[in-house]
Amino acid sequence: MVRFLSAALLLAAVSASATPAIPSFEFSVANIQASVAAMRAEQIQAKSGNLGAQISNLAWDLERYQRDVQRLRNDLRYLSQRLRRQGLSQPGLPSRPGQPNDPSLRWDVQRFTRDTDQLARDLQWRLNDLRFLSGQAQKDEALVAPANRLAGAARWLRSETNWFASDARSTSWDFRRAGYTFEAMDLDRNSRDIDDRSRDLEHESNRLLEKVKP
């Protein structure tokens, strides 16, 4: 009998040690909370990385647009020289667009105004993108560097478009004297739009930078 009881007690002890303990309710809740927190941290990190990449891409776009505006300023100077020659080709008589002495002038003028119109539209699209990103941004140290780059790009773009708008205002008279009145109106409108959009981009990029600073 004693042997039987000893064997039973030994078996019970072995079974107890082999059977895993059922976790407590508090332990299960803590595990769930830790898993949720880890998942949330991963989501925030992924969102932050994606937002940072989008901000960097937008900064690259603005840097490219700055180079485009520089090119347009150079093109405008050269075009202005040709327009002045065209306007003086027949003193005392109204100028006619595309006179034989510069047969490609009409096409170049129209191409130039199309380019300025396209740039104005592109800047509006980028402004829409920036406003969307600003709406998503929160304080995040990882976003400060790309936001700084974006603000710098917007500042330089704004400086360049300001000079371009000034050049366009003076050159629009050369357009009119050479007989390109409608193109002069397009140039006035597009240069204003380009300058206005770049000012909005600078303001919005500074706002984004302040939002992400911890």
Side-chain angles (χ1 to χ4, degrees), residues 41 43-81 108-175 183-214:
Q43 291 175 343
I44 292 174
Q45 185 176 6
K47 181 179 179 181
S48 175
N50 184 50
L51 192 60
Q54 293 181 69
I55 294 173
S56 294
N57 288 338
L58 185 55
W60 187 88
D61 285 339
L62 298 194
E63 290 165 354
R64 176 168 56 86
Y65 291 140
Q66 181 199 0
R67 294 190 294 271
D68 289 344
V69 177
Q70 288 176 334
R71 176 183 57 80
L72 287 174
R73 287 187 67 195
N74 291 331
D75 290 347
L76 186 60
R77 293 190 191 99
Y78 177 60
L79 201 57
S80 176
Q81 296 173 359
D108 289 338
V109 166
Q110 292 175 345
R111 176 189 56 80
F112 183 82
T113 54
R114 285 196 302 269
D115 287 347
T116 58
D117 183 64
Q118 182 63 54
L119 180 58
R121 288 199 301 269
D122 288 345
L123 292 179
Q124 180 61 60
W125 281 111
R126 298 294 80 76
L127 179 60
N128 295 342
D129 293 340
L130 178 52
R131 285 171 174 164
F132 176 75
L133 294 178
S134 293
Q136 293 184 308
Q138 298 176 355
K139 293 185 182 301
D140 189 339
E141 181 67 35
L143 298 178
V144 173
N148 257 319
R149 179 188 171 192
L150 177 63
R155 183 168 57 252
W156 284 109
L157 174 64
R158 167 63 173 152
S159 175
E160 199 67 45
T161 60
N162 189 255
W163 283 108
F164 174 72
S166 177
D167 293 345
R169 283 192 297 270
S170 60
T171 306
S172 65
W173 292 106
D174 297 326
F175 276 69
E183 288 81 0
M185 295 170 62
D186 290 340
L187 177 62
D188 287 338
R189 182 187 67 254
N190 293 338
S191 62
R192 283 196 306 271
D193 289 345
I194 289 170
D195 199 35
D196 289 344
R197 295 297 78 75
S198 68
R199 182 179 61 248
D200 294 339
L201 283 163
E202 182 183 24
H203 172 76
E204 195 65 36
S205 65
N206 289 332
R207 177 171 168 267
L208 171 64
L209 178 59
E210 291 305 314
K211 284 189 68 175
V212 302
K213 285 181 177 178

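What you are looking at is a predicted structure, and each value in this text was computed from that prediction instead of being measured.
With sequence neighbours left out, Lys139 forms a side chain to side chain donor-acceptor pair (under 3.5 Å) with no residue at all. The side chain to side chain donor-acceptor pair (under 3.5 Å) search around Arg126 returns Tyr65, Asp129, not counting sequence neighbours. Under the side chain to side chain donor-acceptor pair (under 3.5 Å) criterion, Arg67 pairs with no residue at all, not counting sequence neighbours. Remark: Arg131 engages no residue in a salt bridge (charged side-chain N to carboxylate O under 4.0 Å, His left out) (not counting sequence neighbours). Asp115 is linked by a side chain to side chain donor-acceptor pair (under 3.5 Å) to Arg111, counting only residues two or more places apart in sequence or in another chain.
Minimum interatomic distance between Pro146 and Ala142 (heavy atoms only, all atoms of both residues): CD-O, 3.5 Å. Residues Glu141 and Pro214 share a closest heavy-atom pair of OE1-CG, 3.2 Å. For the pair Gln138 and Leu143, the tightest heavy-atom approach, listed with the atom from each and the gap, is O-CD1, 4.2 Å. Taking each heavy atom of Ala137 and Leu51 in turn, the nearest pair found is CA-CD2, 3.8 Å. Minimum interatomic distance between Ser80 and Asp174 (heavy atoms only, all atoms of both residues): OG-OD2, 2.8 Å. Here the closest heavy-atom approach between residue Ser172 and residue Ala184 is recorded as O-CB, 3.6 Å.
The residues Lys213 and Asp140 are annotated as not salt-bridged, no charged nitrogen and carboxylate oxygen being separated by less than 4.0 angstrom. Ion pair Glu210/Arg207 not flagged as a salt bridge, since none of the NZ, NE, NH1 or NH2 atoms sits closer than 4.0 Å to an Asp/Glu carboxylate oxygen. Salt-bridge formation is not detected for the pair Arg192/Asp196: no Lys NZ or Arg NE/NH1/NH2 atom is positioned less than 4.0 Å from an Asp or Glu carboxylate oxygen.
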Does the side chain to side chain contact (heavy atoms under 4.5 Å, CB included) test come out yes or no for Arg149 and Ser56, once each step is laid out? CA-CA 7 Å; Arg149 179 188 171 192; Ser56 294; 4.1 Å; yes
Phe112 vs Leu72, side chain to side chain contact (heavy atoms under 4.5 Å, CB included): CA-CA, chis, key distance, verdict: CA-CA 8 Å; Phe112 183 82; Leu72 287 174; 3.8 Å; yes
Please test Phe164 against Asp195 for side chain to side chain contact (heavy atoms under 4.5 Å, CB included), starting from the C-alpha separation and ending with a verdict. CA-CA 8 Å; Phe164 174 72; Asp195 199 35; over 6 Å; no
With side chain to side chain contact (heavy atoms under 4.5 Å, CB included) as the criterion, how do Arg189 and Met185 come out once you've worked through the C-alpha distance, each side chain's angles and the decisive distance to 0.1 Å? CA-CA 6 Å; Arg189 182 187 67 254; Met185 295 170 62; 5.5 Å; no
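Only one option out of Asp167, Thr161, Asp68 pairs with Arg73 in a side chain to side chain donor-acceptor pair (under 3.5 Å); it is Asp167. With Thr116 as reference, Asn190 is the one residue of Asp186, Asp75, Asn190 to meet the side chain to side chain donor-acceptor pair (under 3.5 Å) rule.
In this structure, the side chain of Ser191 engages the main chain of Asp188 through a donor-acceptor pair within 3.5 Å. Judged purely by atom type and a 3.5 angstrom limit, Asn57 uses its side chain to pair as donor or acceptor with the backbone of Ala53.
The CG atom of Leu76 sits 11.5 Å away from the CZ atom of Arg71 when rounded to the nearest 0.5 Å. For the atom pair CG (Asn206) and CG (Leu201), the distance works out to 11.0 Å, reported to the nearest 0.5 Å. Between the CG atom in Asp61 and the CD atom in Gln66 there is a gap of 13.0 Å [rounded to 0.5 Å]. Put simply, CG on Leu133 and OG on Ser205 are 11.5 Å apart, with the number rounded to the nearest 0.5 Å. To the nearest 0.5 Å, atoms NZ (Lys211) and CD (Gln136) are separated by 9.5 Å. The CZ atom of Arg158 sits 13.5 Å away from the CG atom of Leu62 when rounded to the nearest 0.5 Å.
The shortest side-chain heavy-atom distance between Leu79 and Thr171 does not fall under the 4.5 Å cut-off.
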Can you give each donor-acceptor pair under 3.5 Å made by side-chain atoms of residues 117-124, sequence neighbours left out, with the distance rounded to 0.1 Å?
residue: Asp117; atom: OD2; partner: Arg121; partner atom: NH1; Å: 2.2
residue: Gln118; atom: OE1; partner: Arg121; partner atom: NH2; Å: 2.6
residue: Gln118; atom: NE2; partner: Asp122; partner atom: OD1; Å: 2.9
residue: Gln124; atom: OE1; partner: Arg197; partner atom: NE; Å: 3.4
residue: Gln124; atom: NE2; partner: Asn128; partner atom: OD1; Å: 3.1

